[in-house]
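Here the structure is laid out as structure tokens; the discussion comes afterwards.
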There are 2 protein chains.
Amino acid sequence: MSKHEHNTDCCETPEVHKDLLKKVAETMPEETELYDLAELFKIFGDSTRIRILFVLFEAEVCVFDIAAALNMTQSAISHQLRILKQSRLIKGRREGKHIFYSLADDHVRSIIAEGREHIEED
Amino acid sequence: MSKHEHNTDCCETPEVHKDLLKKVAETMPEETELYDLAELFKIFGDSTRIRILFVLFEAEVCVFDIAAALNMTQSAISHQLRILKQSRLIKGRREGKHIFYSLADDHVRSIIAEGREHIEED
DNA sequence: CAAACATATGAACAAGTGCTCATATGATAA
DNA sequence: TTATCATATGAGCACTTGTTCATATGTTTG
């Protein structure tokens, strides 16, 4: 039995396809979960949003201060905060004129940590 | 000392800004790392690529079989495999006419697992 | 009330993305 | 070699995305 025996007849014997399709169908998440997963990672796929999250790692901050820390306009930051809030990665707390933003939970930290691990290996 | 005292003078006292800016500057990764991080998450931000990865969770598979499992064209899958390979999330091994793809390392699993955890909480 | 401040939002536009189609490359078999 | 199979790739197109600019909403202060 060769090392790759189960693969050598790929694209030829329909049984292999059936087995694979069955296994994949069993473990593949629902369509909606796949979509949600992609949507979630899309959020992390922009360096401005990642920078915002790194700011929020340090403190609960208002929009103006995030804009200052990242040297960007208030409008640009506000648009991104809305996206982050919609994905429930951050939350806002109003206090008078200000709205202070903070991380919604610790998943954000662990997801980014996992990403950094992949990047830093070489 | 009120619960949020360090925030109430946000946007007013320059000292607070300086402290925040300093703290942020210390912990914020380099520009290139931020860029790479965003690029990495961008890869996961597409449900076709996520589906491909779920197939590769199950077996080492050739392009044709991935296309069959996902009911997509060979060309579309091939384009995505190139992107996944460039990010070193998967690797290809040629065996005759076929090229078998598999996960490059276990980071892929843990990153996706972290993402699912965030989604499934409610 | 009006004025000032903090934040949010809609339109518009440039840049990027994923798929399709046609074609090219690479490997094997006749 | 030629034919065939497996995979890769370039161009084109519809669609999405992030920013800017102008403006709106909401809160506090005078």
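Below, read A as the first sequence line, B as the second, and so on, with proteins coming before strands; counting in each chain starts at 1.
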In whole angstroms, how far is the [atom2] atom of [N] from the [atom1] atom of [X]?
| X | N | atom1 | atom2 | result |
| --- | --- | --- | --- | --- |
| Y101(A) | dA6(C) | OH | P | 15 Å |
| L81(A) | dT19(D) | CG | P | 12 Å |
| N71(A) | dT20(D) | CG | P | 10 Å |
| H98(B) | dT4(D) | NE2 | P | 17 Å |
| R82(B) | dG18(C) | CZ | P | 11 Å |
| Q74(B) | dA22(C) | CD | P | 14 Å |
| Q86(A) | dT17(D) | CD | P | 12 Å |
| I77(B) | dC19(C) | CD1 | P | 8 Å |

Notebook entry, point to check: Which letters describe nucleotides 24-30 of chain C, given B = protein heavy atom under 4.0 Å from base, S = only from sugar-phosphate, - = neither?
Noted result: ---SS--
Check: Are the charged groups of K22(B) and E58(A) less than 4.0 angstrom apart, N to O?
Finding: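 Result for this pair is no, no salt bridge flagged.
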Next item on the list: Please determine if E114(B) and R109(A) form a salt bridge, counting it only when a charged side-chain N lies under 4.0 Å from a carboxylate O.
Entry: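 Salt bridge flag = no for R109(A) with E114(B).
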Checklist line | Near-strand residues of residues 39-58 of chain A, defined as heavy-atom separation under 4.0 angstrom from DNA chain C | finding: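 Contacting residues: none.
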Notebook entry, point to check: Do the non-hydrogen side-chain atoms of L37(B) and F44(A) ever get within less than 4.5 Å of each other?
Noted result: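 SC-SC contact between L37(B) and F44(A) ruled out.
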Note to self: If you define the side chain from C-beta out and look only at heavy atoms, does anything of I77(B) sit under 4.5 Å from Q80(B)?
What the structure shows: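 Of all side-chain heavy-atom pairs linking Q80(B) with I77(B), none is under 4.5 Å.
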Check: Closest nucleotide of DNA chain C for I83(B) versus for S75(B): which of these residues is on the 5' side?
Finding: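 Upstream on the strand: I83(B).
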Note to self: With a 4.0 Å cutoff (strictly under), does any side-chain N or O of Q80(B) reach OP1 or OP2 of dC19(C)?
What the structure shows: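 Yes.
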Check: Can you tell me if the side-chain N/O atoms of H79(B) get under 4.0 Å from OP1 or OP2 in dT9(D)?
Finding: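 So the side-chain polar atoms of H79(B) never come under 4.0 Å of the phosphate oxygens OP1 or OP2 of dT9(D).
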Check: Can any side-chain N or O of R49(B) pair as donor or acceptor with the backbone N or O of A38(A) at less than 3.5 Å?
Finding: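 Looks like no, no N/O pair under 3.5 Å.
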Note to self: Donor-acceptor pair, distance only, cut-off 3.5 Å: does the side chain of R94(B) make one with the backbone of G96(B)?
What the structure shows: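 Present.
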Checklist line | CD/E26(B): more than 12 non-hydrogen atoms of other groups inside 6.0 Å | finding: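 Enclosed.
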Note to self: Which residues pass the side-chain hydrogen bond (donor to acceptor under 3.5 Å, both in side chains) test with Q74(A), not counting sequence neighbours?
What the structure shows: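 For Q74(A) there are no side-chain hydrogen bond (donor to acceptor under 3.5 Å, both in side chains) partners, ignoring immediate neighbours.
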Next item on the list: Scan T48(A), I43(A), I50(A) and name whichever one has a side-chain contact (heavy atoms from CB on, under 4.5 Å) with D46(A).
Entry: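 By the side-chain contact (heavy atoms from CB on, under 4.5 Å) criterion, D46(A) pairs with just one of T48(A), I43(A), I50(A): T48(A).
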